[in-house]
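Worksheet: one structure, shown below.
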2 protein chains.
Amino acid sequence: MQRFVNNPDLVVEDTVKGFVKAHSDIVRLAENPRVVVAKNAPVKGKVGIVTGGGSGHEPAFMSYTGKNMLDAVAVGELFSSPTAKSFSDAFREANGGAGVVCLYGNYAGDNMNVKMATKLATKEGIEVLTVVANDDVCSAPLSEREKRRGVAGEIFMWKIGSAKASQGGSLEEVRAVAQKAIDNCRSIGVGLGPCTLPAVGHPNFQIEPGTMEVGIGHHGEPGVRVEPLKKAEDVARDMVKIVLDDHDLPAGVEVAVLVSGLGATPLNELYILNDTIETEISARGLKVYKTFIGNYFTSLEMVGATLTVMALDDETKPLLDLETRCTMLL
Amino acid sequence: MQRFVNNPDLVVEDTVKGFVKAHSDIVRLAENPRVVVAKNAPVKGKVGIVTGGGSGHEPAFMSYTGKNMLDAVAVGELFSSPTAKSFSDAFREANGGAGVVCLYGNYAGDNMNVKMATKLATKEGIEVLTVVANDDVCSAPLSEREKRRGVAGEIFMWKIGSAKASQGGSLEEVRAVAQKAIDNCRSIGVGLGPCTLPAVGHPNFQIEPGTMEVGIGHHGEPGVRVEPLKKAEDVARDMVKIVLDDHDLPAGVEVAVLVSGLGATPLNELYILNDTIETEISARGLKVYKTFIGNYFTSLEMVGATLTVMALDDETKPLLDLETRCTMLL
């Protein structure tokens, strides 16, 4: 493994320490060293926004903590849910007296731990509402959307929900608009190479050279098909087709686009994908309002990319535009 | 090669197209399709800021175009200097009547082409001053600093020079403060894995698994030593020692720190490196004022990281803090 680690069992520990040192103007560590908190949180009277998830997806999740973004983030071990205690500690840190909305991804461990943490918080008098992201098109058919995984669409959900909270939205208003944001998101991942957990030392799945896995998940969950690696424009066309066939948006709708690398794919290749992505989206009569390109939601050093398309409306567009101050450009 | 490309000979073409489509609110393409221009450029009466360099280092160089940042960027082929014509077209696009400062890196091709472009511009009545970045500590001894390569320190030079220009600095004032910025920068790269030019199809240098190359350049230029891959904390300690032994700063000085991935190294490993980097810098009595971590200056899918330390003073600190609007967070 050609990588910068100390003790492979302490990767998360060291990652969080280095992150908080770098960005102490924006974040602080809670008493629980697995909870990162925005420096200005909790904001009195504001609905608190919390997320959490496994590590190894950096900058997701903790790097999105900050002003007009997430108030607190529960940090899990590599590719594992944070504990219920971490989630409930994050709720407490984020609560400014108006309750908390937890915006997280649809994975069994996260579902269980958020549920337990919500019960704990309720006992303490903190009201917690939740929205579960399920934007990964290939993880289940549309008729079973509740089974789909949450992926990079979570970033749009966080941004929209956090903006609403900053603008004084009530607990229910924040929940509702975050739910709308993720309902309007569709994502797909294409994998060209696997990743390795440092403590394991070898990839837990394989992608043969010369092939690609369409619909792959953020932990190597199998996609819908493995096929010979195609040209970027064919891959991009396929990604747009899968996402928009599922989305079924009327012409004229404005969309936000997020093209994220999975870790080891260079930025120039994401730009190359985007060249075709934007052409294809426009060809369907949709208008690309804003595009984000970079390593926004990764899986260690996995090779590949994800595409997320979010349909916008008059409510969500200005929320997407609200200026934030976290460690990522949004 | 597990990557997203179309025609390997048109990688730069497709990259620039996809970039400009994504960020048309911030940049535009000049008539010359190898020149990216800030949407608000040229600004009448403002000194124009130009850079340029080979492609494959994305987000360097073009992604730093924007308000309070670069006015125009000349784009070269992969790992090759832009042409003299592209540099001179960039000068013309950036010139708001107050002349242009070209802030670029010390490579033979760039030196030659910037020189020719400057002559062309002078004939057209555009005054051009230049600053040549040479922050890569391991590329030549301190006594021959003029031979050193320019690497990620260029980003600080661009930021400081661009901010001064936005604040109404004269041509000479902008040149002087950009020169000061790069004089106060030291960088080092550590490589763990090579990269491949798509049109070549195999790496043009090797890094054996289990080893690392200390002092490697952005195109695989040999470092000062190849040695067994060490723990992240030992690598980080070594990087800080090499950079600060060369820098020789008195205690109490404030510094800006940039930890950049080389392309395929995950963000969490950069955070891990930073944990030790900040400890080591502080141990020398220096104060870390601001830290930037991410893929700021890469080499395709090279595995590895660079460290840049810039000493700040009362003039450069507020310039570093000026808000920018480009596609990177600075």
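Letters A, B, ... mirror the listed sequences (proteins, then strands); counts begin at 1. These numbers come from the heavy atoms of this one structure, side chains and all, not from hydrogens, waters or symmetry mates.
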Residue pair B:Pro266 / A:Arg3: nearest heavy atoms and the distance that separates them: CG-NH2, 4.2 Å
Minimum heavy-atom distance between A:Asn274 and B:Gly18, given as atom pair plus value: ND2-O, 2.9 Å
Validation row: B:Met328, A:Leu329 side chains within 4.5 angstrom (heavy atoms): no
Over 12 non-hydrogen atoms of neighbours within 6.0 angstrom of NZ in A:Lys230: yes
Note, B:Thr291 side chain near A:Lys21 side chain (heavy atom, < 4.5 Å): no
Per-residue contact mode, B:His57 against chain A (heavy atom under 4.5 angstrom): neither
Nearest heavy-atom neighbours spanning A:Ile272 and B:Val11: CD1-O, 3.9 Å
Minimum heavy-atom distance A:Gln2-B:Ile207, with the two atoms named: NE2-CG2, 4.3 Å
Toward chain A, the part of B:Glu323 with a non-hydrogen atom under 4.5 Å: side chain
Region of B:Met1 that comes under 4.5 Å of a non-hydrogen atom in chain A: backbone
Contact leader toward chain A among B:Thr15, B:Thr211, B:Asp14, B:Val20, where contacts are heavy-atom pairs under 4.5 Å: B:Thr15
Contact origin within B:Val190 toward chain A - heavy atom pairs under 4.5 Å: both
Segment of B:Thr279 engaging chain A (4.5 angstrom heavy-atom cut-off): both
Side-chain donor or acceptor of B:Asn6 paired with backbone N/O of A:Lys231 under 3.5 Å: no
Part of B:Ala305 within contact of chain A (heavy atom distance under 4.5 Å): both
Contacting region of A:Leu300 [heavy-atom separation from chain B under 4.5 Å]: both
Segment of B:Val259 engaging chain A (4.5 angstrom heavy-atom cut-off): neither
Residue of the set A:Thr276, A:Val303, A:Leu273 for which side chain to side chain contact (heavy atoms under 4.5 Å, CB included) holds with B:Phe4: A:Leu273
Option that, when pairs with chain A are counted at under 4.5 Å, heavy atom only, ranks first among B:Glu301, B:Glu269, B:Met302: B:Glu269
Choice from A:Thr265, A:Leu267, A:Asn268 maximising heavy atom contacts with chain B below 4.5 Å: A:Asn268
Shortest non-hydrogen contact from A:Asp275 toward B:Lys17: OD2-CE, 3.0 Å
Per-residue contact mode, B:Asn295 against chain A (heavy atom under 4.5 angstrom): side chain
